[in-house]
Amino acid sequence: MTTRIKKSSFRINLKFIWGLSIFSIIGLMAVWVLQMQTLSRNCALISGIQDKLAGRPKADSDSSLLASVKEIPELDKIAQNLDFERIDKVHYIRAGGSTVLAK
């Protein structure tokens, strides 16, 4: 009689394991699909921004670059989402060949 109880509990455990495995696989596939949709949406957004930037006339002045950034509102949204900070001026320094710099 004890062998019958052990086989029965083993079947229940096996069914539970199979059910949990199938549920996990379906859940992971759903997460994968959602991530792929987000990735494709971001790629389309970046492609659109690149097309808009490619259509801009090339100029050497900083004001034209700022004007192009203001004309593409998606860039501002992306910068805010990535926690970028707006800077006014960039200073460059010349470092020696073996010098390591850190801030």
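- In the hydrophobic clustering of ILVMFWY residues, with side-chain heavy atoms under 4.5 Å counting as a link, Leu34 and Val31 come out apart.
- Remark: the backbone N or O of Met36 is paired with a side-chain donor or acceptor of Ser40 at under 3.5 angstrom.
- Put simply, OG on Ser24 and CE on Met29 are 13.0 Å apart, with the number rounded to the nearest 0.5 Å.
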Steps toward side chain to side chain contact (heavy atoms under 4.5 Å, CB included) verdict (Leu14, Trp18): CA-CA 6 Å; Leu14 191 59; Trp18 274 104; 3.8 Å; yes
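- The CG atom of Asn13 sits 6.0 Å away from the CD1 atom of Ile17 when rounded to the nearest 0.5 Å.
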